[in-house]
Asker: 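Pasting in a structure now, in structure tokens, and then I'll have a few things to ask.
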Amino acid sequence: MKVLALRGVRKVYRRSHLGRLTETVGLDGLDLEVERGEVFGLLGLNGSGKTTAIKLLMGLHLPTCGTVEVFGKPVPDIESLARIGYAPEAAYLNRALTGRENIRLFAALSRIPACEREARVLAMLRRVGLERGMDQRLSEYSKGMLQRVSLAQALIHEPELVILDEPVTGLDPLAIKEVRALILWLKGKGKSVLFSSHDISEVEKVCDRIGILSGGRLARVMTQEEWQGRPGALEEAFAASVTRTDGVGEIRLD
Amino acid sequence: MDTIKAVFDYTLREHVRSRAWLSAALFGLVLLGAGAIASVLAVNERGRMVLDLGLAAILAIGLVSMVFLTVRLVLQEIESRAVFLILTHPVRRWHYLLGRFFGTLAAVAIGMAGMGLVHWLLLEAFGWAPAGSYALAWVSILGQVALMGALALLLSLALTSEAAAMAFSVFFWVLGHFTPELRYIAERSGSGPLRGLILAFARAAPDFSRLDYAGARHAGTPAAWAAWAVLYVLAYGTACLALSAELFEQKEF
């Protein structure tokens with residue numbers, strides 16, 4: 001059974017400046033499906049459309065054309081959002097609140113009953129290793145601590161589908177290892193995970209399937225069997241599938 | 001209601017912890033003290049002068065704080081992208097907007113209540129504490145602050161610029177004190193389009209003559225005046241919030 005599906009999705013950003021209209025194509029006919037219980041990795045260069053696809057799934061953007069469905073319902077759907085946990089690429093959290101207050105806020109927004117809320121908040125803060133710093137304001141947190149609060153808010157309501165936008169970007173090797181373990185733990189609990197990344201080595205360690213995005217389209221989908229036991233297979237497939245669309249040329253070494 | 005309350009709680013907490021809010025409340029207290037000192041000039045009317053200067057200070061600080069906070073209320077969360085995480089939870093956008101607005105109104109009202117308490121103690125010290133008219137003045141001041149807050153929120157979402165929203169809020173604040181005059185000018189105007197334009201501005205701007213507590217002191221039935229004033233604030237405020245919600249619903253982040 002599919003937990004999410006994007007069919008023929010096109011997203012065009014229109015901006016007007018001093019009467020001049022410019023159009024940028026974010027997605028150009030994207031077709032993507034993720035099955036229940038699988039870990040799906042979205043690989044792509046900067047500007048390939050990974051974050052746009054995720055924002056469409058979360059209802060932050062509306063498609064220019066095509067359909068976006070989560071749990072069989074068209075997006076945006078409030079009831080579906082209650083079953084999704086989302087952690088963006090950076091921790092976009094309220095810095096005036098403490099770690100505990102932030103998670104308490106998201107627990108309330110995720111409809112966790114008031115009588116269970118405090119226990120769940122404490123358990124989640126313990127799970128992400130923040131029990132000592134939980135009463136400090138986020139303005140005093142390090143980047144790694146903020147990332148953990150971001151993960152905690154995504155998991156506090158025990159979602160069926162977890163969407164992580166570049167979860168390992170900018171993290172130290174130890175934190176990357178912990179995020180990898182978390183994704184595998186979620187898979188072990190039967191959750192579906194969709195995550196985007198630039199990092200091929202990370203993707204191949206945890207994913208059941210990967211989709212390579214290029215120019216707003218899904219250039220290739222690969223299953224674990226295609227790269228497992230074949231060192232460099234995923235990297236080669238990636239290099240063969242993508243083309244730069246951001247106008248940046250190669251670094252010349254001559 | 002749970003989501004509105006959750007957003008309300010964090011907004012209130014955020015404002016109460018903000019230094020700008022604390023500075024505004026302290027500045028208001030300084031203004032009240034200055035009013036008490038300046039009242040020496042009015043030898044026989046000292047109590048009345050403390051009353052009028054104090055209420056004017058509370059209104060000015062309340063309005064400046066409310067407009068300043070509401071024009072940044074949603075735009076700043078969009079800029080910092082904190083709104084992403086809120087709206088990717090099962091939260092209706094208008095619930096978020098109401099929670100943010102009423103959390104801000106509550107924070108400003110708490111500051112104004114603190115100033116009001118000090119003001120009341122000053123009036124007691126001068127032996128001039130007219131309870132009935134003081135309550136009417138409070139209905140009027142809180143109403144004006146709520147109206148301007150709702151309008152500033154609408155303008156910030158329509159113009160998507162803090163500076164422009166602030167400038168237009170001041171424009172409508174001034175215009176709102178001349179709505180009867182604007183209607184009079186419109187009636188006398190020979191040009192149809194000009195009459196339409198003046199009437200449109202007169203209708204869009206809040207009508208502060210309905211919230212004039214100085215006039216209400218001389219009104220026959222203050223309770224009826226207060227009821228109409230509250231009704232007007234509710235109607236105008238609801239219209240602004242409904243339009244804000246509609247604009248916010250269309251936004252992509």
Side-chain angles (χ1 to χ4, degrees), chain A residues 11 13-14 26 51-52 54-64 70 75-98 101-114 117 137-139 149-150 152-154 156-157 159 163 165, chain B residues 1-23 69 72-100 102-104 107 158-161 245-253:
Chain A
K11 177 68 190 171
Y13 298 101
R14 291 189 178 92
T51 300
T52 301
I54 289 176
K55 281 185 176 176
L56 283 161
L57 287 166
M58 300 311 300
L60 294 170
H61 281 338
L62 296 171
T64 308
V70 178
V75 169
D77 177 61
I78 292 284
E79 298 312 314
S80 299
L81 285 177
R83 298 162 69 188
I84 309 175
Y86 164 65
E89 55 196 304
Y92 304 131
L93 296 154
N94 192 316
R95 307 287 166 109
L97 304 181
T98 66
E101 286 166 348
N102 262 291
I103 302 305
R104 203 183 274 152
L105 164 68
F106 290 111
L109 296 180
S110 305
R111 302 175 181 170
I112 294 173
R117 215 172 282 160
R137 288 197 202 173
L138 293 202
S139 51
V149 181
S150 185
Q153 65 75 29
I156 183 73
H157 52 300
I163 298 179
D165 193 2
Chain B
M1 283 306 281
D2 260 8
T3 51
I4 297 178
K5 189 183 170 297
V7 177
F8 173 94
D9 285 348
Y10 98 78
T11 304
L12 179 60
R13 193 166 285 139
E14 182 188 336
H15 288 316
V16 170
R17 283 178 186 171
S18 141
R19 283 190 196 138
W21 181 86
L22 187 68
S23 309
L69 292 174
R72 306 170 74 207
L73 196 60
V74 177
L75 295 185
Q76 212 175 40
E77 286 229 316
I78 294 174
E79 199 179 307
S80 71
R81 302 182 184 183
V83 74
F84 279 26
L85 281 183
I86 305 279
L87 297 181
T88 50
H89 284 78
V91 178
R92 294 194 189 282
R93 290 188 178 193
W94 66 271
H95 283 189
Y96 166 78
L97 216 55
L98 283 189
R100 290 292 280 165
F102 285 109
T104 306
L159 302 169
T160 63
S161 151
E246 187 53 38
L247 284 174
F248 193 55
E249 203 66 44
Q250 314 295 327
K251 277 206 182 303
E252 289 189 284
F253 303 100

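Chain A is the first sequence line, chain B the second, and so forth, proteins listed ahead of strands; every chain is numbered from 1. Quantities reported herein were computed from a predicted structural model and do not represent experimental measurements.
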Asker: What are the two closest heavy atoms between A:Leu105 and B:Ala6, and how far apart are they?
Answerer: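 That would be CD1-O, 3.6 Å.
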Asker: List the atom of A:Pro88, the atom of B:Leu85, and the distance in Å for their closest heavy-atom pair.
Answerer: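 Heavy-atom minimum between the residues: CD-CD2, 3.5 Å.
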Asker: Could you have a look at A:Ile84, A:Asn102, A:Asp77, A:Asn94 and say which one has the most heavy-atom pairs with chain B under 4.5 angstrom?
Answerer: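 The residue among A:Ile84, A:Asn102, A:Asp77, A:Asn94 with the greatest pair count is A:Asn94.
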Asker: Would you say CZ of A:Arg111 has more than 12 non-hydrogen atoms from neighbouring residues, nucleotides or ligands within 6.0 angstrom?
Answerer: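 Check passes, neighbour count above 12.
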Asker: Can you tell me how far the CG atom of A:Leu109 sits from the OG1 atom of B:Thr88, to the nearest 0.5 Å?
Answerer: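 Atom-to-atom, A:Leu109:CG and B:Thr88:OG1 are 9.5 Å apart.
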Asker: Which one of B:His89, B:Glu77, B:Arg13 has the most heavy-atom pairs closer than 4.5 Å to chain A?
Answerer: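 Highest number of pairs under 4.5 Å: B:His89.
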Asker: Side chain, backbone, both or neither: which part of B:Ser80 has an atom under 4.5 Å from a heavy atom of chain A?
Answerer: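 Answer is backbone: N, CA, C or O of B:Ser80 sit under 4.5 Å from chain A.
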Asker: Between A:His61 and B:Phe253, which heavy-atom pair has the shortest distance, and what is it?
Answerer: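 Reported closest heavy-atom pair: CE1-O, 3.2 Å.
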Asker: At a 4.5 Å cut-off on heavy atoms, which part of A:Arg83 comes close to chain B: side chain, backbone, both, or neither?
Answerer: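 Neither part.
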Asker: Are B:Leu87 and A:Met58 side-chain neighbours, meaning at least one heavy-atom pair lies under 4.5 Å?
Answerer: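 A side-chain contact under 4.5 Å is absent here.
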Asker: Give the minimum heavy-atom separation between A:Thr98 and B:Arg17, together with the two atoms involved.
Answerer: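 Result for this residue pair: N-NH1, 4.3 Å.
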Asker: Using every non-hydrogen atom in the two residues, find where B:Glu14 and A:Ala96 come nearest and quote the distance to one decimal.
Answerer: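 Answer, listing the atom of B:Glu14 first, then A:Ala96: CG-CB, 4.1 Å.
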Asker: Checking A:Glu101 against chain B: side chain, backbone, both or neither under 4.5 Å from a heavy atom?
Answerer: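 Side chain only.
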Asker: Atom CZ in B:Phe84, atom NZ in A:Lys55: separation rounded to 0.5 Å?
Answerer: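 These two atoms lie 3.5 Å from each other.
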Asker: Considering residues at least two apart in sequence or located in another chain, which fulfil the side-chain contact (heavy atoms from CB on, under 4.5 Å) criterion with B:Asp9?
Answerer: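 For B:Asp9 the side-chain contact (heavy atoms from CB on, under 4.5 Å) partners, ignoring immediate neighbours, are B:Lys5.
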Asker: Excluding sequence neighbours, so at least two apart, what forms side chain to side chain donor-acceptor pair (under 3.5 Å) with A:His157?
Answerer: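 Partners of A:His157 under the side chain to side chain donor-acceptor pair (under 3.5 Å) test: none.
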Asker: I need the minimum non-hydrogen distance between A:Ile78 and B:Val91, along with the two atoms involved.
Answerer: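 Taking A:Ile78 first and B:Val91 second, the nearest heavy atoms are CD1-O, 3.5 Å.
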Asker: Take atom CD in B:Glu79; do more than 12 heavy atoms of anything else shown fall under 6.0 Å from it?
Answerer: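 For B:Glu79, atom CD is not crowded (no more than 12 foreign heavy atoms under 6.0 Å).
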